[in-house]
Structures are given as structure tokens and as C-alpha cells.
Amino acid sequence: MTVDVKRNEDQRPVLHFTPQKGFMNDPNGLVYSNGIWHLYYQLDDRSLVAGHPEWGHATSNDLLSWRWHKKAIMAPSDHEAIWSGCCVVDRNNTSGQFDESASPDDRIVAIFTIHTQGHQTQNVALSSDGGYTFTQYKHNPVLDIGWAHFRDPKVLWHEPSNQWVMVVAKCHQFKVGFYGSPDLIHWHHLSDFEGSGVRGYQYEMPNLVQVPWDNDSDRKRWVLFLSIGPGAPLGGSFTQYFLGDFDGTTFTSSDNYLRTADLGKDWYAAQTWFDSPDGAVYGIGWASNWQYCNRVPAERYRSAMSLPRKFTVREVSLNVATKSLSLISRPIDLDNARLHTDETAMVYTNGSAKDYPSIQVIYERRLQSGSGAFEFKLKIRSGTPAARVSVDIANRSGHSIGLNFLVEVEGMFVSLDRGGTRTGSSWDHPLFDDKVCMWVPNTQSVYDVHVILDAFVCELFAIDGAYAFTNTFFLQGGVVSTFTVSQDAPITEVFDVYELCSLAPAK
Ligand SMILES: *[C@@H]1O[C@H](CO)[C@@H](O)[C@H](O)[C@H]1NC(C)=O
Ligand SMILES: *[C@@H]1O[C@H](CO)[C@@H](O)[C@H](O)[C@H]1NC(C)=O
Ligand SMILES: *[C@@H]1O[C@H](CO)[C@@H](O)[C@H](O)[C@H]1NC(C)=O
Ligand SMILES: *[C@@H]1O[C@H](CO)[C@@H](O)[C@H](O)[C@H]1NC(C)=O
Ligand SMILES: CC(=O)N[C@H]1CO[C@H](CO)[C@@H](O)[C@@H]1O
């Protein structure tokens, strides 16, 4: 059933999921069952640009190494396409579609949009073998309101009201439709959520999930993720979220503040896994942006997913006077992918400001593995106004990107300078910003920063997951090989520098 698992060709990320070939966008059908994480995804394997998607399929035992499989859901004809959707496990046979031959954990139901010119409907496909092969339900569609832009169903089981609940985008009306069903087949309208956040051009990819509190997994908050594109404040596409209550019929947002799930340019269409173990919530985003996704350098495949993240919520200080409940994003544990070498040193820099007449290199590392993947952590002391920390990440010839941390009294600007990667490159795009920037307020004595680089994806997390910043960059002709940290005041600690390697997926 598996297809050739060739990895590590030129500039292919080692830990971020990429399709074997073709164009990939939204994550779909995220479901955990039988100890296996399933990742389906929008895939046009006949093209390197978005066009005629179907569902690609990969599985993982650890969310770090992925095994490609055959396409899971195929378009019935050339004028229909399989757009985004979700999967659930129908252990109780609520659909009435499973017989004794399928063990409860193998009863996977996919609910997704079929797109034709001017018409989008919600449809069901059934798998009795744990999500590897699907058969379309014979009385599709299961939900059709006659609209052209009605898509991306995400379904959860709502125990208190004993029903399946679907959230689905009424894209051009700027509503999230809520529908209920006893059996995944017959759906009735419950309510519409509207009137909050950024609208942009259209709504896409809603995702409703109950997220545990940090450090108190018994306490939970409903989170409604909602993707927008184009028209995001950062340019192009982005994912916002609302915190609120869901009573089985209506979602009520606790306030009208706009909350952004990731402040970078390249994290879209976020979805969470159905039935993640231990009541935890894991999710993933597409590490690209509709502004330029069809044009970035690519040969065999185009685009990657972010690393899977574990989501929680906690109060985060916005300034010294105000705290606000926020989504917390932490990348999955990379320990198994770390190459432990003697070079993994901790660097303390103390001394006084007069030791820094100008910017000085405090840490330099030549990466040995050639994987182009590594991570590091920084602790940057707050309260030294106008201090600067620069991280230069270069290939052997000096083609580089820079991460800059500009410390001010009120907070710190984190900026990624990815413009230099275009010097001498044949690739360019007017919307691929040279510099992307995030703000982190000064509400603690030290800013903690965790950066993971993998071929062309850079994910940065600050303040223990309170801020996430995901951006792509495209070095010409080779992955990064050197990593240099400098500063113009003694405020930085560099630690936990690890090269990362690909892991063979489990059989
Ligand atoms: C399955 O049945 C059990 C026992 O009746 C019930 O508690 C649970 O909510 C049901 N779950 C689903 C997904 O149908
Ligand atoms: C599932 O439900 C259908 C319809 O009620 C029934 O025919 C079938 O036997 C059930 N399967 C199992 C495993 O109980
Ligand atoms: C800097 O800090 C380290 C670790 O705390 C300490 O061992 C070292 O002596 C300090 N160096 C100076 C010059 O203060
Ligand atoms: C590194 O960057 C330079 C541009 O400075 C580029 O010409 C070169 O091909 C890149 N790759 C390698 C492996 O040096
Ligand atoms: C108050 C408390 O227990 N805080 C902990 C919450 O969880 C984070 C991450 O695991 C810890 O770093 C905190 O110490």
C-alpha cells in the first residue's frame, strides 16, 4: 500500500511534511485512530500549481516521520474536485454503514466538499480499513444548499447533546454554519456564527474544538479557528480564532477581539486531529500563503505543512496592566530527531555594555549533517532599550536569511529578513515580502525564543508558545550550513542548539 519513501533530496524538509509530488495545500481529514496519525491533504499530483485537488494521504506514529500512501479520495470525474474536509471515527456505527468486518477503530468516515463550477456540496465517504481506502456514500451529497461557495466541513462529536456537529464555511456570506446530525448522513441547521473578526474576501476552513487549559487539562475552552484569504491584515491568507462557548446549538464568542493563531506569513487553513489521545489537541497548518504559493521555487512538489502543534489556552499579558486568554502553540517534541553532539554547548554572555562598542559575534556553528534542519533557543533579557540580537543563517556561499530581535522599552520586534535569498536568484514575486515582523510585549524579565529551521520553513515560538511566527524562505542552491548569533549588548543566552535529522517512518 505504501509508495516509495524517498526523502532528503535537495532542500526537501526532513521533519515538515511534504507531498511526494504535485501541489499541496490545506490539511484535511486529520484523525487519530489505532495509534496512527492520519494526515490527508489537498493534492493535485498532476501539477505544481493549485488546480484540481483530491485527497493525498500520509500516516505517522510520532508526528515527526511520515509515510506516503496512495491517494485516499479521488475525484469521480474531471469536472468535479475533492476539496477540503475532515474525518471522524464512527466507532458506534451511528451511520449504520459498517458491518462486523470493520473493527470499531477502523470505521473512518470522511466528510468533504465536492466542488464543481458554481456549486459546492458536502459529501461522505466511508473506510472500513482504518482510513486507507474509501468508498463514496451512494446517496451523496449529504448537505446541499445550492450555493457556489459552501465548503470545508469539520465534524466533531458533541457528547452533551449526543450528536455530530459540523462547522462549515458560508464563505462569501461571512458566516460559519453549524449543522447537527445523529448519523453523519442527515444534517439539520443549528445556527450561524457571524459578526466577529476579519472578513477579507471569504471564510474558509472553520474548525471547532475544545482546548484544554495549560497546566489544567480538565478545564477546557471552545476555540473556533477560521481561515481568511485573501484580505488578511498581514497580506494574503491567515488563520484567526475565537474563544467562546458552544452549547450544542450556538457558538458564542466571549469577546470581539481579533486573535491571530500565527503571526507569520505562512500558516494557513489550520485544522486539529479528531480524537487526539489524552484529550490533548494537536493541529497543523499549511506553511504557505495564497499570495505566492503557486510561484515559489519548486521542482517535484510544492509546499510543506507546519510541524504539528499541541494547543492549549492560558492568560497571556498584553502589557503590564492587561492579560488576555490566548491560544498557546507548542511544536511537538523533537527529541527523537536531535543529533546529540559535543557541540551542543550552552553559551552565556554576561559582561557589561561597555564590552560591546559594536555588534559582536557570540556564537557560531557550522552545521555538519547537511540536512538543513536545526533548532536553537534564545533567552533575551528585556529592559535594555535599543539593543539588537541578530541571527544569521547562511549556506556555504553566504546566501543568507537573518532573524533580528530589536529590544525596546515596551517590547521586542522579531523580524525575519528573507529578501537576501533572492540575490542572484531567478525567482522573484512582488508579494513575497523581504521582511516579516512580529511584536512581543515586554511583560517578563526574559523573552524565551525557540526557532526551528527545516530546509525552507522557519517556525519561531516565543513566551512559551504565546506567540507563533511561521515563514518560508528559499535559499538558492543549497540548504543552510552556518548559524551565527551576534549582539550589541550583553543580553542573550544561546542554548539547546541541535541539528535535526529525518527519521525513518515506522512500518
Ligand atoms: C458511542 O456510544 C457510547 C455509549 O452509548 C456513548 O457514550 C458515546 O458518546 C458514543 N459516541 C459516539 C461518537 O457515537
Ligand atoms: C451498523 O448498522 C447497520 C444499520 O442499522 C446494521 O445493518 C449493521 O449490522 C450495523 N453494524 C454493526 C457492526 O453493528
Ligand atoms: C558568566 O556567566 C557564567 C555562567 O553563569 C559564569 O560561569 C561566568 O563566570 C560569567 N563570566 C563573567 C565574565 O562574569
Ligand atoms: C549559496 O548562496 C549563493 C549566493 O550567495 C549561491 O550562489 C549558491 O549557489 C548557494 N549554494 C551553495 C551550495 O553554496
Ligand atoms: C504554574 C505552572 O505550573 N506553570 C507551568 C505550566 O506549564 C509550563 C509548561 O509545561 C511550565 O513551564 C510552567 O512552569
Side-chain angles (χ1 to χ4, degrees), residues 13 15-16 234 238-239 260-268 270 283-289 304-311 316 326-334 337-338 363 365 372-380 382 388-394 400-407 411-421 432-444 446-475 480 483-487 491-500:
L15 299 175
H16 288 75
L234 306 163
F238 89 125
T239 301
T260 305
D262 187 297
L263 291 148
K265 283 288 300 260
D266 297 300
W267 199 75
Y268 191 59
I284 201 167
W286 173 50
S288 193
N289 189 309
M305 293 297 174
S306 75
L307 287 176
R309 294 174 181 184
K310 188 175 180 175
F311 294 118
V316 170
S326 293
L327 185 73
I328 303 302
S329 310
R330 294 195 182 90
I332 41 147
D333 187 356
L334 301 179
R338 287 179 182 138
Y363 184 80
R365 172 80 170 261
F374 70 107
E375 67 172 329
F376 59 93
K377 290 181 181 164
L378 304 175
K379 279 186 186 157
I380 302 175
S382 66
R388 172 173 167 188
V389 181
S390 292
V391 180
D392 187 65
I393 296 154
S400 70
I401 57 165
L403 271 169
N404 289 292
F405 303 88
L406 300 176
V407 178
M412 176 173 82
F413 290 100
V414 179
S415 109
L416 173 71
D417 185 347
R418 54 184 187 173
T421 60
F432 191 81
D433 326 45
D434 284 1
K435 291 192 172 80
V436 281
C437 180
M438 166 176 87
W439 163 256
V440 181
N442 178 10
T443 55
Q444 55 287 306
V446 169
Y447 303 99
D448 62 272
V449 174
H450 182 189
V451 180
I452 301 158
L453 264 105
D454 187 4
F456 56 83
V457 188
C458 177
E459 295 192 55
L460 184 150
F461 301 89
I463 320 298
D464 195 14
Y467 297 85
F469 187 55
T470 301
N471 297 285
T472 54
F473 59 92
F474 298 91
L475 291 180
V480 297
F483 160 59
T484 311
V485 183
S486 24
Q487 64 182 0
I491 55 169
T492 315
E493 196 180 293
V494 185
F495 63 109
D496 284 355
V497 183
Y498 291 108
E499 291 194 48
L500 302 167

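- Here the shortest heavy-atom pairing between W267 and F311 reads CH2-CZ, 3.8 Å.
- For the pair H16 and S306, the tightest heavy-atom approach, listed with the atom from each and the gap, is CD2-C, 3.6 Å.
- No donor-acceptor distance shorter than 3.5 angstrom exists from the side chain of R418 to the backbone of F474, with no hydrogens or angles considered.
- From E493, atom CD reaches atom CD of Q487 across 11.0 Å, with rounding to the nearest 0.5 Å.
- Looking at D464 and I328, their side chains never come closer than 4.5 Å, going by heavy atoms from C-beta outward.
- With contacts defined as side-chain heavy-atom distances shorter than 4.5 Å, the pair L234/N289 does not qualify.
- Within 6.0 Å of atom CZ in R388, 12 or fewer heavy atoms from other residues, nucleotides or ligands are found, so the atom counts as exposed in its surroundings.
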Applying side-chain contact (heavy atoms from CB on, under 4.5 Å), run through S382 and Y447 and close with a yes or a no.
-> CA-CA 7 Å; S382 66; Y447 303 99; 3.5 Å; yes

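- None of V436, T472, T470 except one satisfies the side-chain contact (heavy atoms from CB on, under 4.5 Å) rule with K265; the exception is V436.
- Of the residues listed (F461, F374, F376), the one engaging I452 in a side-chain contact (heavy atoms from CB on, under 4.5 Å) is F461, and it is the only one.
- Distance check, rounded to the nearest 0.5 Å: CG of D262 to OG1 of T239 gives 8.0 Å.
- For the atom pair CZ (F483) and CG (L403), the distance works out to 9.0 Å, reported to the nearest 0.5 Å.
- The two residues P13 and D454 make their nearest non-hydrogen contact at CA-OD1, 3.2 Å.
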Apply the test side-chain contact (heavy atoms from CB on, under 4.5 Å) to residues L15 and L307: give CA-CA distance (whole Å), side-chain angles for both, the deciding distance (0.1 Å), then the verdict.
-> CA-CA 7 Å; L15 299 175; L307 287 176; 4.0 Å; yes

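- Side chains of P331 and H450 form a contact here, defined as non-hydrogen atoms less than 4.5 Å apart.
- For the pair L378 and V391, the minimum side-chain heavy-atom distance is below 4.5 Å.
- In this structure, I284 CD1 and I332 CD1 are separated by 8.5 Å, a value rounded to the nearest 0.5 Å.
- For the atom pair CG (L263) and CG (N471), the distance works out to 10.0 Å, reported to the nearest 0.5 Å.
- Among all heavy-atom pairs drawn from C437 and F413, the shortest one is SG-CD2, 3.7 Å.
- In this structure, the salt bridge (Lys or Arg N to Asp or Glu O under 4.0 Å) partners of K377, at least two apart in sequence or on a different chain, are D496.
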Which is it for V449 and V440 under the side-chain contact (heavy atoms from CB on, under 4.5 Å) test, yes or no, and what are the steps along the way?
-> CA-CA 11 Å; V449 174; V440 181; over 6 Å; no

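- Side-chain contact between V457 and D266 is absent, with no heavy-atom pair separated by less than 4.5 Å.
- Remark: the backbone N or O of S415 is not paired with any side-chain donor or acceptor of N404 at under 3.5 angstrom.
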Begin with the C-alpha distance, continue with both residues' side-chain angles, and end with the deciding distance and a verdict on side-chain contact (heavy atoms from CB on, under 4.5 Å) for Y363 and V497.
-> CA-CA 10 Å; Y363 184 80; V497 183; 3.7 Å; yes

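- Distance alone, capped at 3.5 Å, places no donor-acceptor pair between the Q444 side chain and the I463 backbone.
- In plain terms, the two heavy atoms of A466 and V316 that are nearest each other are CB-CG2, 3.8 Å.
- Expressed to the nearest 0.5 Å, how far OG1 of T484 lies from CG of D392 amounts to 5.5 Å.
- Taking all atoms of both residues into account, the shortest heavy-atom contact from A468 to M438 is O-SD, 3.9 Å.
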